[in-house]
Amino acid sequence: MDIVLSGIRPTGHLHLGNYFGALKNFVKIQDTHKCFFFIADLHSLTTHPHPEDFHNSVKTILCEYLAAGLSPEKSALYIQSDVPEISELFVLLNMLAYKGEMERTAAFKDKVRKNPENVNTGLLTYPVLMASDILIHRAKYVPVGKDQEQHLEIARLLARRFNNMYGCEVFPEPQAFNFGSDLLKVPGLDGSGKMGKSEGNGIYLYEDDKSITKKVMRAVTDSGPTEPDSPKPEVIENLFTLMRLVSEPSTIQYFEDKWNDCSIRYGDLKKQLAADICATVAPIRERIDAIAADEKYLGEVVALGRDKARESAAATLALAREAVGFRKF
Ligand code: TRP
């Protein structure tokens with residue numbers, strides 16, 4: 001079975017973009033691939049989260065991952081800082097990562113521009129830590145968005161460089177994993193493009209009906225179609241795209257017909273969309289609450305994930321240590 005790996009930094013709640021864009025696919029590939037899903041808490045330290053809040057941020061993602069259907073039995077579901085082998089590989093790989101290369105990374109330059117007061121070297125070597133996450137399990141596939149492609153390229157570069165430098169084949173080069181036709185871009189409700197955390201246009205998995213409905217009813221629309229069968233402007237297409245994710249085919253067809261004969265009322269469409277989003281989210285929200293209340297279960301999940309991840313990581317690290325020339329006395 002091919003290995004798939006994905007990490008997420010614990011910052012806030014998951015939104016529908018995370019859910020339909022990635023998570024639903026993660027849930028599926030658990031049956032066909034050997035999956036590693038982890039919470040990248042070490043990466044989060046680059047922005048100095050408050051120690052009092054940090055644990056809860058990790059718990060939030062863990063509960064939401066579980067509620068969405070990630071399986072601690074099928075996959076390795078773990079917390080990055082529970083696997084010290086990652087940090088040791090990070091040290092080894094840092095010797096092969098050149099300062100200029102790291103400085104030229106788009107994400108680094110972006111962070112420097114946005115937070116010039118916090119240009120720590122953890123930020124500079126962020127791609128090396130990410131490469132360690134991936135290479136420690138010799139993962140073949142990493143599902144990444146556009147913003148992480150360059151980081152994946154650096155992981156490939158470091159894998160190649162390590163193998164060449166030490167004349168070995170310890171690390172395969174990881175590839176981007178493409179969900180193909182299943183890859184969905186989930187739009188926001190503000191007409192600004194995709195749903196995202198930093199865009200502030202998200203509908204969250206952990207959000208109550210009232211708040212969801214309010215957001216949907218406020219979604220940007222236009223003055224309506226004037227000619228039958230006209231193409232939809234982007235803001236309207238976005239509403240239909242969301243509808244295709246959560247509504248019945250007959251409901252979608254109903255509003256398509258209304259659009260096409262110019263009798264559509266956006267208020268009706270939004271009300272239906274809001275109801276269907278709520279119906280999708282409510283059971284997940286209830287599962288999140290139940291899981292979050294079960295500390296014993298969470299403890300078991302984390303321990304199981306840690307054991308699986310460490311077993312895999314230790315095997316790779318032993319090969320890497322051997323390759324660089326560490327020998328037993
Ligand atoms: N950098 C990724 C992000 O911000 C998170 C991440 C850390 C990651 N390590 C990873 C993703 C390894 C994939 C593989 O989204």
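Remember, it's 1-based here, ligands and their atoms both numbered in the order they're listed.
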S.K.: Fit a plane to each ring of Phe240 and Trp259, take the angle between them on a 0 to 90° scale, and name the class: parallel (under 30°), tilted (30 to 60°) or perpendicular (over 60°).
M.R.: perpendicular
S.K.: Is it true that Arg138 and Glu169 have a side-chain N and a carboxylate O under 4.0 angstrom from each other?
M.R.: no
S.K.: Ring-plane angle category for Tyr78 and Phe36, please: parallel below 30°, perpendicular beyond 60°, tilted otherwise.
M.R.: perpendicular
S.K.: Could you pull out every donor-acceptor pair under 3.5 Å between side chains of residues 318-329 and any protein atom, sequence neighbours left out?
M.R.:
from: Arg321; atom 1: NH1; to: Glu88; atom 2: OE2; distance (Å): 2.5
from: Arg327; atom 1: NH1; to: Glu322; atom 2: O; distance (Å): 2.9

S.K.: Below 4.0 Å, non-hydrogen atoms only: which portion of Phe36 touches ligand 1? Side chain, backbone, both or neither.
M.R.: neither
S.K.: Check each of Tyr65, Tyr19, Tyr206 against His13 using the ring-ring contact (aromatic ring centres under 6.0 Å, His included) test, and report the only one that passes.
M.R.: Tyr206
S.K.: Give me the residue, atom name and distance of the protein heavy atom closest to atom 1 (N) of ligand 1.
M.R.: Tyr126 OH, 2.7 Å
S.K.: Using a 4.0 Å cutoff against the non-hydrogen atoms of Val142, which atoms of ligand 1 qualify?
M.R.: 13 (C), 14 (C)
S.K.: Tell me, which protein residue and heavy-atom name are nearest atom 9 (N) of ligand 1, and how many Å apart are they?
M.R.: Asp133 OD2, 2.7 Å
S.K.: Students should be able to answer this: which protein heavy-atom is nearest to atom 13 (C) of ligand 1, and at what distance?
M.R.: Gly7 N, 3.5 Å
S.K.: Which of the numbered atoms in ligand 1 are under 4.0 angstrom from any heavy atom belonging to His43?
M.R.: 7 (C), 9 (N)
S.K.: Would you tell me which option among Gln148, Met130, Arg9 has the nearest heavy-atom contact to atom 12 (C) of ligand 1?
M.R.: Met130
S.K.: Using distance alone, with no hydrogens and no angle criterion, decide if Asn260 and Glu256 have a side-chain donor and acceptor under 3.5 Å apart.
M.R.: no
S.K.: Side chain, backbone, both or neither: which part of Leu5 comes within less than 4.0 Å of ligand 1 when only heavy atoms are counted?
M.R.: side chain
